[in-house]
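Structure record follows, encoded as structure tokens.
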Amino acid sequence: MDERALIRSLVPVLGAAATADDCATIQHGGEWLVLSTDMLHETTDFPAGMTDREIGWMAAAVTISDIAAMGARPVALLLATGLDRPERLAGITAGALECCRFYGCDLAGGDTDAHTELTIVSTGLGTAVRPVRRSGARPGDLICVTGYLGGAQAALSGYDRFWERLIAPRPRVAAGLALNEAGATAMMDISDGLALTLHDMLAVNGCGFAVETARLPLPEGVPEGEGREFALYGGGDFELLFTVPPEHFPVTGVDATAIGLVVDEQDVTADGAPLPARGYMHLWKE
Ligand SMILES: Nc1ncnc2c1ncn2[C@@H]1O[C@H](COP(=O)(O)OP(=O)(O)O)[C@@H](O)[C@H]1O
Ligand SMILES: Cc1ncc(C[n+]2csc(CCOP(=O)(O)OP(=O)(O)O)c2C)c(N)n1
Ligand SMILES: [Mg+2]
Ligand SMILES: [Mg+2]
Ligand SMILES: [Mg+2]
């Protein structure tokens with residue numbers, strides 16, 4: 001059993017909307033509230049060598065990234081920490097606070113508990129006049145990504161100069177807001193690799209995604225074949241994947257690359273061949 005299959009099993013129980021986007025959305029007054037929560041564990045999410053401060057930054061960043069992915073502005077974050085050792089709380093909180101301040105978000109509360117494995121749940125609130133959803137892609141739109149892909153996986157594979165990229169994700173909040181303003185039709189963040197993310201988009205759109213691998217922005221100094229594997233199937237980059245009508249791209253102030261086209265045929269392809277839904281996923285033993 002994998003995480004995606006398990007989440008799909010919730011659809012008949014909760015309805016499709018509960019699992020359709022990076023954030024839950026609630027209409028409130030003249031705007032929308034967006035809400036996201038993410039759980040991180042020491043063994044699966046915090047590579048050995050990370051400091052508690054870096055762990056705190058990462059925990060806040062993954063949630064702020066989901067808010068950015070809606071084209072929303074982060075407002076407040078709650079941090080629930082299950083601690084294996086009580087002395088870790090100070091460093092974790094300092095790191096999360098640093099990240100929140102950087103993005104203009106209030107670290108407004110949380111919860112503290114004892115736990116065998118360090119486990120952090122960060123829950124974030126943001127606002128948008130009109131959130132950008134994962135659905136909304138239209139045939140003829142460009143498929144684009146911000147920044148470059150594969151850096152976090154390059155670090156995990158021994159390319160030490162990408163270490164910062166792995167441990168200190170930089171949510172693309174300003175880009176998300178600008179892309180919303182510029183008319184992006186669909187958006188999500190790339191936490192689990194480009195291929196899996198495109199398949200997540202496919203699941204909620206009535207069209208398909210055709211990518212050209214020669215266009216992928218890759219980690220500099222990594223051999224091209226390896227860099228492409230990292231970009232397609234490695235997790236932890238936290239860039240934005242979005243679709244946008246060609247006449248609205250590029251967007252001033254947003255570092256992004258067009259990597260393909262939204263097409264009628266409901267499939268994800270790379271260079272014309274089906275792209276497998278492979279990437280970073282949590283698994284359970286059968
Ligand atoms: N246990 C759960 N109950 C309800 N909704 C869930 C649960 N797990 C995941 N989801 C929803 O499924 C979608 C996909 O989750 P996830 O892959 O974690 O998204 P993201 O990578 O953006 O955090 C999200 O909309 C999330 O809110
Ligand atoms: C051991 C390890 N592998 C990979 C990463 C890079 N990384 C950080 S968060 C993340 C994925 C996001 O985690 P997940 O629980 O799937 O969150 P979500 O997709 O819900 O945002 C990855 C791959 C890491 N930090 N540590
Ligand atoms: Mg996301
Ligand atoms: Mg999540
Ligand atoms: Mg994930």
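In listed order, ligands and their atoms are each counted from 1. Residues take their numbers from the sequence shown, with the count starting at 1.
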Going by heavy atoms in the side chains, are D141 and P245 under 4.5 Å from each other?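 Answer yes - side chains close enough.
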
Is any side-chain heavy atom of V222 less than 4.5 Å from a side-chain heavy atom of F162?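 They are in side-chain contact.
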
Where do A96 and L107 come nearest, in terms of heavy atoms and distance?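 Reported closest heavy-atom pair: CB-CD2, 4.0 Å.
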
Over all heavy atoms of both residues, which pair between L166 and P47 is shortest? Give the atoms and the distance, please.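 Smallest interatomic distance, heavy atoms only, reads CD2-CG, 3.7 Å.
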
Residue portion contacting ligand 2 (non-hydrogen atoms closer than 4.0 Å) for [X]:
{"X": "D189", "result": "neither"}
{"X": "L166", "result": "side chain"}
{"X": "S191", "result": "both"}

Check whether Y159 forms a cation-pi arrangement with R165 (NZ or CZ under 6.0 Å from the six-membered ring centre, at most 45° off the ring normal).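 The answer is no, since R165 fails at least one limit relative to Y159.
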
Heavy-atom nearest neighbour of atom 11 (C) of ligand 2 within options D192, T44, L156: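 Closest candidate by heavy-atom distance is D192.
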
Less than 3.5 Å apart, any donor N or O on the side chain of T243 or T185 sitting next to an acceptor on the other?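 Judged by distance alone, the side chains do pair up.
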
Running the 4.5 Å side-chain criterion over Ile, Leu, Val, Met, Phe, Trp and Tyr, what cluster does M39 land in, apart from itself?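 Noted: M39 shares its cluster with V121.
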
Other hydrophobic cluster members with L232, side-chain heavy atoms of Ile/Leu/Val/Met/Phe/Trp/Tyr under 4.5 Å, chained?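 Direct or chained contacts put L232 with I143, V145, L149, M188, I190, L194, L198, M201, L202, F209, V211, L216, L218, Y233, L241, I259, V262, V268, L275.
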
Going by the atom numbers of ligand 2, which of them fall below 4.0 Å from some non-hydrogen atom of [X]?
{"X": "M58", "result": "25 (N)"}
{"X": "G235", "result": "23 (C)"}
{"X": "F238", "result": "9 (S)"}

Checking one value in my table: which N/O/S atom of D192 lies closest to the Mg ion (ligand 5)?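 Looking only at N, O and S atoms of D192, the one nearest the Mg ion (ligand 5) is named OD2.
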
Report the nearest protein non-hydrogen atom to [atom]: residue, atom name, distance rounded to 0.1 Å.
{"atom": "atom 24 (C) of ligand 2", "answer": "D45 O, 3.4 Å"}
{"atom": "atom 7 (N) of ligand 2", "answer": "G236 CA, 3.5 Å"}
{"atom": "atom 20 (O) of ligand 2", "answer": "D38 OD1, 2.7 Å"}
{"atom": "atom 14 (P) of ligand 2", "answer": "H282 NE2, 3.5 Å"}

What orientation do F242 and F249 show, parallel under 30°, tilted 30 to 60°, or perpendicular over 60°?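 Because their plane-to-plane angle lies in the 30° to 60° range, the rings of F242 and F249 count as tilted.
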
Is R85 paired with D52 through a side-chain N to carboxylate O contact shorter than 4.0 Å?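 No.
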
Under 4.0 Å between a side-chain nitrogen and a carboxylate oxygen: does that hold for R172 and D189?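 No.
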
Do any heavy atoms of A152 fall under 4.0 Å from ligand 2?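 It does not; every heavy atom stays at 4.0 Å or beyond.
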
Pairwise salt bridge (Lys or Arg N to Asp or Glu O under 4.0 Å) hits with a residue in residues 11-31, at least two apart: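 Checked against salt bridge (Lys or Arg N to Asp or Glu O under 4.0 Å) - neighbours excluded - the pairs reaching residues 11-31 are D21-R133, D22-R134.
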
Just to be sure I understand the site: which N, O or S atoms from the protein are less than 2.8 Å away from the Mg ion (ligand 3)?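 Less than 2.8 Å away from the Mg ion (ligand 3) sit D22 OD2, D66 OD1, D189 OD1.
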
